[in-house]
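A short worksheet on the structure shown next.
Start at 1 and go down the list; that is how both ligands and their atoms are numbered. Quick note: numbers below take in every heavy atom, side chains included, and nothing from hydrogens, waters or symmetry partners.
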Amino acid sequence: MEIAKVLSDKYIGKKVEIRGWIYRIREQKNKTFIIVRDSTEIIQCVSEKPVKDASMEASIIIKGKIRKDKRAPTGYEIDVEKAEIVGTAQRFPITRDQSVEFLLDVRHLWLRSRKLTAVMKVKETILAAFREWFAKQDFHEVTPPIIVSGSCEGGSTLFSFKYFDKTAYLSQSAQLYLESLIFSLEKVYSLTPSFRAEKSRTRRHIAEYWHLEGEMAWCDNEGNMKIQEELVSYVVKRVVEKNKKELEFLKRDISILKGVKPPFKRYTYDEVIEILQKKGVKIKWGEDLGADEEREFTKNLKKPVFVINYPRDMKAFYMKVNPDNPKTVLCSDMLSPEGYGELIGASQREDSEKLLKENMKMFGLKQKDYEWYLDLRRFGSVPHSGFGLGIERMVMWICGLDHIRDATTYPRTINRNYP
Ligand code: NSS
């Protein structure tokens, strides 16, 4: 039986069989205390006899009777009648207070920790909830390519590789392909890995991350933000409903998450610069908001916010120029509260062939590499918008993690792709 199930008054005095791995073991004169974990919970088991070959992380099957005990870590204990070691374990290399680097070296073993298990369960809810929301809103899920021929978010962070006798790249974003799909499906989304050869070492960048992207025909920048705030609020609500236990284990302040409801406040980039300058941050109009500036801006917030209309040269070639101020574009970044910063990058797309060509020239892109993309403006162009959300950024914020590495199973960074 699953351990979570046997932790119930219903089973007091009854015989159960559980199986799992030894989480902790303590031997006393005439008793052995074994805490067993499985994917659902932990339970303390007490054996009057020594259990041969029992050691930390060995796999075990235990038969015995359930008893209630306030002192036990999860409130119940099993009086062991039979204990069988299935797979023995060598001396487990992970002990208390080990360095981050060592834990990354043994990531395949550290993934068994209760912290990472809790995070993975939250991430699973997040992924499922995104799909639930899109299905309810009649979006179509599509599968864009990962092997691509050009850049979406600028060349400096592209991973390239030999593709038969040509050079190809790993996708940074499915956006351009999603744009092509709105002409048949109108509202589409995809969930794919994205790759960025980020040379900077920060708490919120990894080289391989999961990217949730949406693209909508007949949608302007404001409509785009409405979709995002509804979507993010729904997902947070689902996690609070489904993962209370995990959030408590991670010591997350659930009351803050409960307050995440639309609408999210909109600030223009100009306003943010002014607010930051008043706080004494050294930043000028035209400079990007980095992690430090975003942290300063969001550290006392409880709900995400949008920052809209960034300067044109700082953003991507496909964004539509703001008709009210052509130095800026119709875009929005959603920033997570509590200092977490950028969660979503979004914009209304340039839908005129002529203006898109001008943008491409300004950004130094070769038209021949994007002829197919320009075709989308040549055959029934339509106003449209879309967004991209970093799944691990969302996990980081919801779980209250201080580093993105723990929001994924095997974080890929500039100096690590093993194990
Ligand atoms: O570069 S973005 O801001 N925007 C795009 O890629 C658009 N083409 C998406 C679209 O409109 N379809 O990246 C989107 C999000 C960003 O807000 C982060 O949350 C996340 O992707 N992101 C990352 N997460 C983890 N690690 C890295 N390196 C990373 N880069 C972006």
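- Nearest-residue assignment for atom 17 (O) of ligand 1 (options Q175, E179, E342; heavy-atom criterion): E342.
- Between E132 and Y234, the side chains place a donor N or O and an acceptor N or O closer than 3.5 Å (distance only, hydrogens not considered).
- Ring geometry for Y373 against F317 counts as perpendicular: the plane angle is over 60°, on a 0 to 90° scale with 30° as the lower cut.
- Residue contact check for ligand 1: I404 places a non-hydrogen atom closer than 4.0 Å to it.
- Only the side chain of C152 comes within contact range of ligand 1, with a heavy atom under 4.0 Å; no backbone atom does.
- Contact atoms of ligand 1 toward Y318: 7 (C), 8 (N) (distance under 4.0 Å to a heavy atom of the residue).
- Remark: distances from the non-hydrogen atoms of R204 to ligand 1 include one below 4.0 Å.
- Here W210 and F130 keep their ring centres 6.0 angstrom or further from each other.
- The option with the heavy atom closest to atom 2 (S) of ligand 1, from among R196, R393, Q172, is R196.
- Counting heavy atoms closer than 4.0 Å to ligand 1, residue I344 contributes backbone atoms (N, CA, C, O) but none from C-beta onward.
- Counted by atom type alone, H384 and E179 present one or more donor-acceptor pairs between their side chains at under 3.5 Å.
- R349 and S347 form a side-chain donor-acceptor contact under 3.5 Å, judged by distance and modelled atom types alone.
- A centroid separation of less than 6.0 Å is found between the aromatic rings of W285 and Y269.
- Using a 4.0 Å cut-off between heavy atoms, L343 contacts ligand 1 through its backbone alone, with no side-chain atom that close.
- Atoms of ligand 1 found under 4.0 Å from any heavy atom of I206 (numbered from 1 in listed order, with element): 25 (C), 26 (N), 27 (C), 28 (N).
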- Message: Evaluate D406 against K123 for salt bridge (charged side-chain N to carboxylate O under 4.0 Å, His left out), listing each step before the verdict.
- Response: CA-CA 11 Å; D406 285 339; K123 190 174 191 177; over 6 Å; no
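- Relative ring orientation between F161 and Y163 is described as perpendicular, the plane-to-plane angle rising above 60° on a 0-90° scale split at 30° and 60°.
- Heavy-atom distances between E208 and ligand 1 stay at or above 4.0 Å for every pair.
- At a 4.0 Å cut-off, not a single heavy atom of E392 sits close enough to ligand 1 to count as contact.
- Partner of T74 under the side-chain contact (heavy atoms from CB on, under 4.5 Å) criterion, out of V6, L7, D69: L7 alone.
- Using a 3.5 Å distance cut-off with no hydrogens or angles, the side chains of N322 and T328 do pair a donor with an acceptor.
- The proximity of Y189 to ligand 1, defined as any non-hydrogen pair under 4.0 Å, does not occur for either the backbone or the side chain.
- Atoms of ligand 1 lying under 4.0 Å from any heavy atom of E198, numbered from 1 in the order shown and given with element: 28 (N), 30 (N).
- Shown in contact with E213 at under 4.0 Å from a heavy atom are these atoms of ligand 1, numbered in order with element: 9 (C), 10 (C), 12 (N).
- At a heavy-atom distance under 4.0 Å, only side-chain atoms of Y209, from C-beta outward, approach ligand 1.
- When non-hydrogen atoms are compared, ligand 1 lies under 4.0 Å from the side chain of R349 (C-beta onward) but not from its backbone.
- Under 4.0 Å from ligand 1, heavy atoms of H205 appear from its side chain as well as its backbone.
- The salt bridge (charged side-chain N to carboxylate O under 4.0 Å, His left out) with E338 is formed by just one residue from the set K302, K299, R252; it is R252.
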